[in-house]
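Following: one structure in structure tokens, then a few remarks.
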Amino acid sequence: MKRFGEHVDSPLTRSFYLRPAPRVARELLGKILALDGASGRIVETEAYLGEDDGAAHSARGITPRTRVIFGPPGHAYVYFIYGMYDCLNIVCEPEGIAGCVLIRALEPLTGIDRMRERRAAAKHDHDLANGPGKLTRALGIKITHNGVDVTTGPITIHAPDRAKKFEIATSTRIGITKSADLPLRFFIKDNPCVSRR
DNA sequence: AGTTCGATCGCCT
DNA sequence: GGCGATCGAACTG
């Protein structure tokens, strides 16, 4: 751990997120998402654009709910859906411009026992966080985390100590009806923790 | 004030 | 592969 001092374990900085969502979504693959000792490797993401994207919550402008998507980059946009699930997005683009990345799946790394407690329904470890609602439950992320700064914590994203090599696959996004043809889903090829192929 | 529908999950077949 | 659960956000009138 920390072979190069604080450098390796420091969270990604704001400039990482100050770019178009598709670019950030692609580059978040292989990074580590952590909260309170539980962590996982990001294996699946989706980009949501600010304009020309009917599927994005921000498509109809600023509302109390979508406010943080228009805020500064590097913050968490957490929303509650279907009466039961919380989903985690990371805000991209400069302040005033909408854009975010939905984190869809993790490969569990640390704090796995705690994840099993929170996700008793999971039969295997690769089911603990293989979906957007599952990963938030596994890590204990809730709507109360909406707006928090992921460059400082308590939710953090950082580069792995040793980056594994992987191949990136692309597809259309899952479960949407508007702008459904855009190739804005990114995932690590052949990884068992990806929500679906 | 009422209605519609959704960036999902887990169980059932 | 299909479907019910379950409720908040946003739109309509």
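Every chain is numbered from 1 and lettered A, B, ... according to where its sequence line falls, protein lines coming before strand lines. Model, not experiment: these values are computed from the prediction.
- The phosphate of B/dC9 (OP1 or OP2) has no side-chain N or O of A/Arg119 nearer than 4.0 angstrom.
- For the pair A/Tyr77 OH and B/dA7 C1', the computed distance is 9 Å after rounding to whole Å.
- For the pair A/Leu139 and A/Leu33, the minimum side-chain heavy-atom distance is below 4.5 Å.
- Formation of a donor-acceptor pair under 3.5 Å by the A/Arg60 side chain with backbone atoms of A/Gly54 is not found in this model.
- Contact annotation for A/Arg196: no contact, since no heavy-atom pair falls under 4.0 Å across all strands.
- For A/Asp127 and B/dT8, the CG to P distance is 17 Å, given to the nearest whole Å.
- Checked by atom type and distance alone, the side chain of A/Ser195 never pairs as donor or acceptor with a backbone atom of A/Asn130 at under 3.5 Å.
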For this session: If a protein heavy atom is under 4.0 Å from the base, mark B; if only from the sugar-phosphate, S; if neither, -; do that for nucleotides 3-13 of chain C going 5' to 3'.
Result: --BBBSSSS--
Distance-only criterion, 3.5 Å: show the donor-acceptor pairs between side-chain atoms of residues 67-88 of chain A and protein atoms not counting sequence neighbours.
{"from": "A/His75", "atom 1": "ND1", "to": "A/Gly147", "atom 2": "O", "distance (Å)": "3.0"}
{"from": "A/Tyr77", "atom 1": "OH", "to": "A/His57", "atom 2": "ND1", "distance (Å)": "2.7"}
{"from": "A/Asp86", "atom 1": "OD1", "to": "A/Ile143", "atom 2": "N", "distance (Å)": "3.4"}

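- Residue A/Ile176 contributes atom CD1, which lies 17 Å from atom P of B/dC5 at whole-angstrom precision.
- At a threshold of 4.0 Å, the pair A/Glu93-A/Arg19 does not count as salt-bridged, since none of the basic side-chain nitrogens sits closer than that to a carboxylate oxygen.
- In this structure, A/Lys123 atom NZ and B/dC12 atom C1' are separated by 12 Å, rounded to whole Å.
- For the 3.5 Å distance criterion, the side chains of A/Arg104 and A/Thr45 fail to qualify, holding no donor opposite an acceptor.
- By the 4.0 Å N-to-carboxylate-O rule, A/Asp149 lies close enough to A/Arg14 to be salt-bridged with it.
- Here the OG-CZ distance, from A/Ser58 to A/Arg65, works out to 10.5 Å after rounding to the nearest 0.5 Å.
- Protein atom CG of A/Leu102 is 14 Å distant from nucleotide atom C1' of B/dG6, rounded to whole Å.
- Remark on DNA chain B: of its neighbouring residues A/Ile174 and A/Ala122, the 5'-side contact belongs to A/Ile174, judged by nearest-heavy-atom nucleotide.
- In this structure, A/Leu49 places its CG atom 13 Å from C1' of B/dA7, rounding to the nearest Å.
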Problem set entry | Pairing pattern in dot-bracket form [Watson-Crick, G-U; both distances under 3.5 Å; | = partner strand] for DNA chain B | ||||||.|||||.
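- Within the cation-pi definition used here (under 6.0 Å to the ring centroid, within 45° of the axis), A/Arg196 does not qualify as a partner of A/Phe187.
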